Amino acid sequence: MQHTVVEHMDRVTEDVVALTLRATAGDLAPWDPGAHIDLSLPNWLDRQYSLCGDPAERDAYRVAVRYDPLSRGGSEYVHRFLRPGRTLPVSLPRNHFPLVPAPGYLFLAGGIGITPLLPMLRAAVTAGIPSTLVYAGPSRHSMPFADELHRTYGDVVRIVETGRHGRPDLHALAATLPPGTLVYCCGPATMLAAAEAAFPAERLHAERFQPAVRSFGPDTAFEAVCARSGGAVAVPADESLLDALAHAGRPLPAGCREGICGSCEVTVLDGTPEHRDDIGAPEGRMFACVSRAVSPRLVLDL
Ligand code: FES
């Protein structure tokens, strides 16, 4: 954990507030565009937010939080109770959405999905790499940072007010995509589905802030062997690996519990996991909050 204090809370739209989190001492851990952190909120909830500031600013992080009317307590706490001056522990940055070197980029943002793309666009433009941002939202005044982006980047940014002009035509964008250009997309599930339909998988990098709706086979029981600490944990069909480990006194960090943040990552030494996350588990890893096992036994580096 790193220790920060809420220095500023700037309202950027009616329902989005941008937080500047200043280190209480020294520098904060470095990060690259696409990274996120967990905020450990005073109401005992951990919530993940993309870093949207400048990686060169080493003693502060910036995140933006949209108020969710269906909030499970995170955005509601930030909007209703959090105030400047409050100390806030934050995790080290994690990055499951890195900017891969390419000769050009097309960034697609929907609503609050703009946040991880802000530092990406800055990095790409600063490096002189041809880039376009297509930023969609119901109306300009509801879209965080829209005016700032337009002022800073001019024609590089295309604002699409879907309430007036409809959704951007991603198939048309795909038809004119220059060779080698990569597509980075962050937004609601409908936008991600449209991007998956329009762009080849090898050119599309997407980040979800809600898990995709997918179906899996029935949950079955399996055994998790903890190779380092010794002992085995039975994982019943109606319990997650994360919960079974916690009940056995081997808790893992957990933020989203939905397979989108990466905080519960664990190394698999033997056995075959069934990956159910939306991150894309690296080889030999799994996310214990949602993923299960195909084999009757998993050996974990715990
Ligand atoms: S707790 Fe977020 S991926 Fe498991």
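Whatever order the structure lists them in is the order used to number ligands and atoms, beginning at 1. Predicted, not measured: the structure shown is a model, and the values here were computed from it.
Atoms of ligand 1 found under 4.0 Å from any heavy atom of Gly259 (numbered from 1 in listed order, with element): 3 (S). Under a 4.0 Å criterion applied to the non-hydrogen atoms of Gly262, ligand 1 contributes the atoms 2 (Fe), 3 (S). Listed by number with element, the atoms of ligand 1 under 4.0 Å from a non-hydrogen atom of Cys261 are 1 (S), 2 (Fe), 3 (S). Taking a cut-off of under 4.0 Å to the non-hydrogen atoms of Gly255, the atoms of ligand 1 that pass are 1 (S). Less than 4.0 angstrom separates some heavy atom of Ile260 from each of these atoms of ligand 1: 3 (S). The contact set between ligand 1 and Ser263, taken as ligand atoms under 4.0 Å from a residue heavy atom, comprises 1 (S), 2 (Fe).
Here OG of Ser91 is found 6.5 Å from NE2 of His36. Values are rounded to the nearest 0.5 Å.
With His205 as reference, Tyr184 is the one residue of Tyr105, Tyr184, Phe97 to meet the ring-ring contact (aromatic ring centres under 6.0 Å, His included) rule. Here the options are Leu19, Asp15, Thr13, the test is side chain to side chain contact (heavy atoms under 4.5 Å, CB included), and the partner is Val17; only Leu19 passes. Among Thr4, Leu88, Asp59, the single residue meeting the side chain to side chain contact (heavy atoms under 4.5 Å, CB included) criterion with Arg22 is Asp59.
Under the 3.5 Å distance criterion, the side-chain polar atoms of Arg228 are matched with a main-chain donor or acceptor of Asp301.
Protein heavy atom closest to atom 1 (S) of ligand 1, with residue, atom name and distance, is Arg257 N, 3.2 Å.
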